[in-house]
Number of protein chains: 2
Amino acid sequence: MREAHKTEATEDYVELIDDLIRVNGEARLVDVASRMGVTQPTASKTLARLQRDGYVNSEPYRSIFLTEQGKELATQSRLRHEIVLDFLLAIGVSRDTAIRDSEGMEHHVSEETLRVFKKITRAKIKK
Amino acid sequence: MREAHKTEATEDYVELIDDLIRVNGEARLVDVASRMGVTQPTASKTLARLQRDGYVNSEPYRSIFLTEQGKELATQSRLRHEIVLDFLLAIGVSRDTAIRDSEGMEHHVSEETLRVFKKITRAKIKK
DNA sequence: CCTATAATTTAGCCAAGGCTTAGTTTATAC
DNA sequence: GTATAAACTAAGCCTTGGCTAAATTATAGG
């Protein structure tokens, strides 16, 4: 896979796990799978890879935790995601579309473009 | 892979082949591979899949042609790509970054967002 | 406390997309 | 016109990310 794609799945998973922990207090495989739109065995296999690579920790049949590395990536990922989402909303894209598009776009937007997005969002919101 | 990802490689390849034909008069495997940043066997295998799926035609050891279906996809893909690229340039992203980012983004931008992009680009260019 | 159901894991399959190494075909240059 | 280089194909291997079916562990209700 090309550059950006490599960490995409990883970012999506840690971001989701972070979100589940915030909202539900814990991240269960069943919820990860359903939110990612994949079957449980698929989610399970991906999580095993994330564990191998040091992003998450979990004991068999128990809920999933982020490692320090995982938390960092999740935070960073969430920030990018928010910048893109807010930008799309600011320029007039509907909420539903903005949510969908920002999910795919966040992985392909460079730091430079993020800075431009932020500036425009700020300007549109007129603070 | 998730929704948008499925046709991504296909779109990138047909768009590139279309471009090579415009610029070079023909699309050779060696150029496809180098522009995609993969080895020739990898490009060859992908092209076999594109042929299987009806996007390209080619005889062994000969150059690559787009089918009607391939041409349509390439055109459509190039249009989206241009809209995203022009938009990034219009909002002040540098040319190099705009080129890189637009390549990844084009596959994740919905029709609605494309319309918004177009409108903003037109406004910024002040025609 | 035991049993049914829910959650998770295991095993095994598949396709895509990547690689290397080795062999063939085509083109080029003398 | 043939030797060498370049282009391409073949074969085989790997990882990721999907799936289903079957086994296992946890949990909740009675």
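In this text, all values refer to a predicted model and were calculated from it rather than measured experimentally. Lettering of chains follows the sequences in order, A, B, ..., and the numbering in each one begins at 1.
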Expressed in angstrom and rounded to an integer, what is the separation of [X] atom [atom1] from [N] atom [atom2]?
X: A:Glu8; N: C:dA16; atom1: CD; atom2: P; value: 19 Å
X: A:Met36; N: D:dT16; atom1: CE; atom2: P; value: 15 Å
X: B:Gln51; N: D:dT9; atom1: CD; atom2: C1'; value: 13 Å
X: A:Asn24; N: C:dA7; atom1: CG; atom2: C1'; value: 15 Å
X: A:Arg62; N: C:dT9; atom1: CZ; atom2: C1'; value: 14 Å
X: B:Asp12; N: C:dG18; atom1: CG; atom2: P; value: 10 Å
X: A:Leu29; N: D:dT27; atom1: CG; atom2: P; value: 14 Å
X: A:Gln40; N: D:dT25; atom1: CD; atom2: C1'; value: 13 Å

- With no hydrogens and no angle check, do the side chains of B:Thr42 and B:Thr39 hold a donor and an acceptor under 3.5 Å apart? yes
Between [options], spot the one nearest the side chain of [X], thanks.
X: A:Thr39; options: C:dG18, C:dT20, D:dT20; answer: D:dT20
X: A:Lys45; options: D:dG18, D:dC19, D:dT9; answer: D:dG18
X: B:Pro41; options: C:dT9, D:dA11, D:dC19; answer: D:dA11
X: A:Thr42; options: D:dC19, C:dC19, D:dA7; answer: D:dC19
X: A:Tyr61; options: D:dA7, D:dT9, C:dA7; answer: C:dA7

- Look at the side-chain N and O atoms of A:Arg52 and state whether any lies under 4.0 Å from the OP1 or OP2 oxygen of D:dT16. yes
- Query: Can you check whether A:Ser44 has a side-chain N or O nearer than 4.0 Å to OP1 or OP2 of C:dT9?
  - Reply: yes
- Query: Parallel, tilted or perpendicular for B:Phe87 and B:Phe117, by the 30°/60° rule?
  - Reply: parallel
- Report the residue (B:Arg28 or B:Val38) whose heavy-atom-nearest nucleotide on DNA chain C is the more 5′ of the two. B:Val38
- B:Ile64 and B:Leu29: which non-hydrogen atoms are nearest, and at how many Å? CD1-N, 3.7 Å
- Message: Under 4.0 Å between a side-chain nitrogen and a carboxylate oxygen: does that hold for A:Asp18 and A:Arg22?
- Response: yes
- Lys/Arg-Asp/Glu bridge criterion (N-O < 4.0 Å) met for B:Arg115, B:Glu112: no
